[in-house]
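For clarity, every value in this text was computed on a predicted model and none was experimentally measured. We name chains A, B, ... by the order of the sequence lines, and we start the count at 1 in each one.
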Protein chains: 2
Amino acid sequence: MSITIKEIAEKANVSIATVSRALNDNPNVKESTKELIRNLAQEMNYSPNFVARTLVKKKTNVIGIILPEVGGEFFPEIIKGVDEVAYQNEYHVFVASSHSERNTVESILGFMSKSMVDGVILMLPSITDHIRNLIKRTRIPIVLINGYSKMEEVSSVGIDNFQGAYTMTNFLIQNKGYDKISFIKGPDINSDAKLRLKGYKAALEDNKIPINHEWIVDGDFTIKGGELAASRLLSLINKPSVIFAANDMMAAGCYRVIDQLGLTIPDDIAVVGFDHIPMSEFLNPKLTTVHVPTDEIGRKAAKLLLDILENSETTKPQHIKITTGLIVGKSC
Amino acid sequence: MSITIKEIAEKANVSIATVSRALNDNPNVKESTKELIRNLAQEMNYSPNFVARTLVKKKTNVIGIILPEVGGEFFPEIIKGVDEVAYQNEYHVFVASSHSERNTVESILGFMSKSMVDGVILMLPSITDHIRNLIKRTRIPIVLINGYSKMEEVSSVGIDNFQGAYTMTNFLIQNKGYDKISFIKGPDINSDAKLRLKGYKAALEDNKIPINHEWIVDGDFTIKGGELAASRLLSLINKPSVIFAANDMMAAGCYRVIDQLGLTIPDDIAVVGFDHIPMSEFLNPKLTTVHVPTDEIGRKAAKLLLDILENSETTKPQHIKITTGLIVGKSC
DNA sequence: TGTAAAAATGTAAGCGTTTACATAATTTGG
DNA sequence: CCAAATTATGTAAACGCTTACATTTTTACA
C-alpha cells in the first residue's frame, strides 16, 4: 500500500487539505508548513496517486497515439516528436498500435476514450466509413496524421504528398534530364499514395511530357510489391530510364531485382523513392528520395492537439501540410 | 460531460449499485433488469469511467514499457510481442521512451509508479547504481529486458549474448574456415556488449586460436563507430579476414568504409554482425548476423510480468535467457 | 489595544465507481 | 398458507485527491 496525503496529514498534524495545498504549492499555505510537509512527503517516499487526482480534475495530462500495424519504419520518429512537445507541456504520451491481434483501431480508441487520455493522435493509412463514424462519436479531441483528410471536422497534420512527388519528378526532369520516368503506385485506398501519383502526373504534364500508362504500375508499399513492379517495368520493350517508387520500401525491392538482373543503378536504370526511411541511407548506391520530416509531423500534431486541449472548442479544425525535402543520393 | 451510471440509474429507476452490477454481469441481478440496463447504456452511449473504476479497484490493467533512447530499430517488434500477450490477457500497453528531452528513465518510471500502470517492462542498455536504486524503491512489479541482470531481485528477460557471439564465431571458424577473426566491441558499460565479447573470446579459445588484441577494437554501436573501427582494422599490417561487429549498425559502418576503399565483401574482407535488424537484410551483400528474436523477448517479458501480477508475491524472480539464431547471408 | 483585513488552516462535499451490508421481494417446501 | 431460504435491490462507505466555503489565526493600523 502506498502512502497517501492522509498519512502525511497525521504526521504533520494538519488537515489533508493543507497537505494537498502544500504539495501543489498553493500560495496561501505558510512557507514553513509547506517546507514541513514537503520534507515529510520526501521522507515517507510519497508519490501522488495519479488516478485519484485525475478523477477530480477530469484531466489526465496524457495524450495517446494510435499507430497502424503496417510499416513501422518511422514510428519512433513520430513518437519522439510528439513526446518532445508533450514533455515540454507537462503531458505524457501513451502509445498503442494495432496489430494482427486486433483488426481495427476500435478497441484502442474505445479504451482511450474511457477517460484514459485527454486527446489522441490517430495515424491512419486509410480511413474507412466505420472509422470515420467512430471518430465522430468519440468525445475527446482527435488529431489525424495522414496525407489528406476528407474529414473537415477533425484537425489533421500530414505531409504534402503532392508537392513531394511533384518536386521529385520535376527534379528528375529538369536537373537530371530524364524524360522516361516510370512510377510504382501505392495501395489504391491509401490517400498518401494517391496524392503522390497525382504529383508525379502533374509534374510530367507541366513539363509537357506525355503520360505513358504502361509506365505506371501497381504497388502495395512492400518490398515484394516493389520487386514485382520492377520486374514488370524491366520486361517492357519500351523501358523507362527511371523508376520512381511511391515509397522507399518498394524502391528497395527494385534494387533487389535490378541487382539480380545484373544491372547497375543508375547507369542501366535509375531508382528514386519516397519517405527517406533509415534504410534508404544504406542502400547501395544511396537512394535519392523524398524526405519526410517525421519528427516534425509528430511535433506539429502534438502542438495542434495540445492547442485544442488548452483552448478547447474555441479553435476550429486545422489542416496542416508539411513540406517535404529532397535527399539526393547516387541512385539517379 | 460523459454519461455516468447515475444517469442510467435514474432512467432505469434503479440504484446505481444495480446498474454497476448489471453492467458487470453480476449473477444476482435479474436477467430482465440486466437487459433493460444494458440497452439503456447502449442507447445513451455510455462508456465506463476507467479512472473511477481504477481508483476503487486499484488495478489499471495497463502495463508500461519503457524504452531507451538509443537504437530504436527493434522496438516495434518488442512492443508487438508485449502487446500480443497483453491483449490476450485483457491488458493494455503503455509505451514511453526516454529521449534527449529527459535524460533518465526516472521521470517515466516515476510517472508510471503513480498508480498509472500495474507493472512495467523496463528496457535498459546499461544499468547504473542510480537506476538500480530507483528500481528497488519502485513499488510496482518490474521486468527487466537486458542481456544480463545483476539484479537478482528483479525478474528479467534477455537474449543469450554469450551464446550468440560464441555460435557466430564458431561458425566462422568451423564452417567457413576463417581464423583471422577481428571483433568490434560495443560500449563498455553495455552488458550485452560485454557478453558478446566474451562469447567471441571463448569460441576462439575453444578452437585453440590465440586472441590477437590488435584485432579487438573499440566501438559504440553506431554507424560512425563501425566506420572508425573498420578503418582501424583495415589499416593494420596484419589484417584480419573477417570483421565481427558486435551489432549490425557497426557492421553497416564497415560496409561503407570497405566500399569506399574499393574492396569487396566477402572476398577482400568478410563482415558479420549481431542483432539482425531489418536493415541488415538490405545491405549488399546481405549480412550474416545473429538473429535476435525480438518479438519473443517482448512476449516472454509480458508473460513474466503478467504472471507476477496475477500470482503476486508468490513467484520469485526469474531470469529468462532467449537463444539466438544465425542468419547466414552472403557477407562471409 | 481593538478591530478590520489578510493569511492560514480546517471541514466537508464531490469526482464515478465498486462492494459489504442491510433490506425488500420472491420462491420454496412442509 | 406461512416461515425460511433464496434472490434481487438499495444504502452508504470507500478509493485518494481537490476545492469551495467556513473558521481560525495572524497582521496591520488607527
Side-chain angles (χ1 to χ4, degrees), chain A residues 1-38 40-41 44-62 90 111-118 139-140, chain B residues 1-38 40-41 44-62 110-118 139-140:
Chain A
M1 283 307 300
S2 300
I3 300 293
T4 68
I5 53 169
K6 197 176 161 193
E7 305 174 56
I8 297 182
E10 276 166 16
K11 272 239 175 25
N13 262 319
V14 295
S15 70
I16 58 165
T18 302
V19 175
S20 173
R21 282 188 282 248
L23 294 174
N24 287 301
D25 207 18
N26 184 309
N28 45 1
V29 172
K30 218 199 300 176
E31 194 53 46
S32 61
T33 46
K34 264 190 201 174
E35 196 124 337
L36 168 70
I37 290 169
R38 274 198 284 249
L40 229 39
M44 301 169 78
N45 195 17
Y46 168 79
S47 142
N49 185 315
F50 172 85
V51 175
R53 170 180 288 158
T54 300
L55 185 59
V56 20
K57 286 222 166 190
K58 302 192 156 309
K59 187 138 187 337
T60 62
N61 265 47
V62 174
E90 297 185 303
F111 172 64
M112 294 223 171
S113 310
K114 294 189 205 327
S115 318
M116 191 59 215
V117 298
D118 293 338
R139 287 179 313 275
I140 57 176
Chain B
M1 282 304 298
S2 301
I3 300 294
T4 69
I5 53 170
K6 196 175 163 193
E7 306 173 56
I8 298 182
E10 278 167 14
K11 272 239 174 28
N13 261 320
V14 294
S15 71
I16 58 165
T18 302
V19 175
S20 174
R21 283 189 282 249
L23 294 174
N24 287 300
D25 207 18
N26 184 310
N28 46 359
V29 172
K30 218 198 300 177
E31 194 53 47
S32 61
T33 46
K34 265 190 198 173
E35 197 123 338
L36 169 70
I37 289 169
R38 274 198 283 251
L40 229 39
M44 300 169 78
N45 195 17
Y46 168 79
S47 145
N49 185 316
F50 172 84
V51 175
R53 171 181 288 160
T54 300
L55 184 60
V56 22
K57 287 218 160 196
K58 301 195 155 309
K59 185 135 189 336
T60 61
N61 264 47
V62 174
F111 172 64
M112 293 224 172
S113 309
K114 295 186 203 328
S115 317
M116 190 58 214
V117 297
D118 293 338
R139 289 177 311 275
I140 58 175

Side-chain atoms of A:A52 come closest, of D:dG10, C:dT19, D:dG16, to D:dG16
Just do the side-chain contact (heavy atoms from CB on, under 4.5 Å) check on A:N61 and A:D118 with the steps written out, would you?
CA-CA 6 Å; A:N61 265 47; A:D118 293 338; 4.1 Å; yes
Let me know the distance between CD1 of B:I5 and P of D:dT9, rounded to the nearest Å.
15 Å
Atom-pair distance (NZ on B:K59; C1' on C:dT18), nearest Å
15 Å
Rounded to the Å, how far apart are A:N26 CG and D:dT18 P?
11 Å
For a 4.5 angstrom cut-off between non-hydrogen side-chain atoms, does B:T60 reach B:M116?
no
For atom NZ of A:K34, is the number of surrounding heavy atoms from other residues, nucleotides or ligands below 6.0 Å larger than 12?
yes
Look at the side-chain N and O atoms of B:T18 and state whether any lies under 4.0 Å from the OP1 or OP2 oxygen of D:dG10.
yes
Does OP1 or OP2 of C:dT17 have a side-chain N or O of B:Y46 closer than 4.0 Å?
yes
Give a yes or no on whether the backbone of B:T4 and the side-chain of B:E7 come within a donor-acceptor separation of less than 3.5 Å.
yes
Is there side-chain contact between B:V14 and B:V19, with heavy atoms separated by less than 4.5 Å?
yes
Consider the side chain of A:N24, meaning its heavy atoms from C-beta on, and name the nucleotide among D:dT9, D:dT18, D:dC21 that approaches it most closely.
D:dT18
From CG of A:L23 over to P of D:dT18, roughly how many Å is that when rounded to an integer?
8 Å
So for atom NZ, which belongs to A:K59, do other residues, nucleotides or ligands contribute more than 12 heavy atoms lying within a distance under 6.0 Å?
yes
Looking at C:dT9, I'd like to know if its phosphate oxygens (OP1 or OP2) sit under 4.0 Å from a side-chain N or O belonging to A:T33.
yes
Counting side-chain heavy atoms from C-beta on, which of C:dT18, D:dT18, C:dG16 comes nearest to B:T4?
C:dG16
Roughly, in whole Å, what's the span from NZ in B:K34 to P in D:dA8?
9 Å
Please state how far atom CG in A:N28 lies from atom P in D:dT26, giving the value in whole angstrom units.
16 Å
Quantify the bending of the helix from C:dT1-D:dA30 to C:dG30-D:dC1 as the angle between its end axes, each fitted on five pairs, to 10°.
50°
Does any non-hydrogen side-chain atom of A:Y46 lie less than 4.5 Å from one of A:L40?
no
Describe the nucleic acid contact of A:N49 in one word from base, sugar-phosphate, nothing, applying a heavy-atom distance below 4.0 Å.
sugar-phosphate
Short side-chain N/O contact to C:dT9 OP1/OP2 from A:S15, under 4.0 Å
no
Distance check: side-chain N/O of A:K58 vs OP1/OP2 of C:dG16, anything under 4.0 Å?
yes
Select one nucleotide: of C:dT18, D:dC15, C:dT9, the one nearest the side-chain heavy atoms of B:L55.
D:dC15
Could you work out which one of C:dT18, D:dT19, D:dC17 sits closest to the side chain of A:R21?
D:dT19
With the side chain of B:A17 defined as its heavy atoms from C-beta on, choose the nearest nucleotide among C:dG10, C:dT19, D:dC17.
C:dT19
Side chain of B:K30 - closest among C:dT18, D:dT9, C:dG16:
D:dT9
Looking at every strand, decide which applies to B:N13 at a 4.0 Å heavy-atom threshold: base, sugar-phosphate, or nothing.
sugar-phosphate
Can you tell me how far C1' of C:dT26 sits from CD of B:E31, to the nearest Å?
17 Å
Position toward the 5' end of DNA chain C (nearest nucleotide), A:V29 or A:I16
A:V29
What one should report as the nearest heavy-atom pair of B:I8 and B:I3 is CG1-CG2, 4.2 Å
Nucleotide C:dG16, atom P - distance to CD of B:E7 in whole Å
8 Å
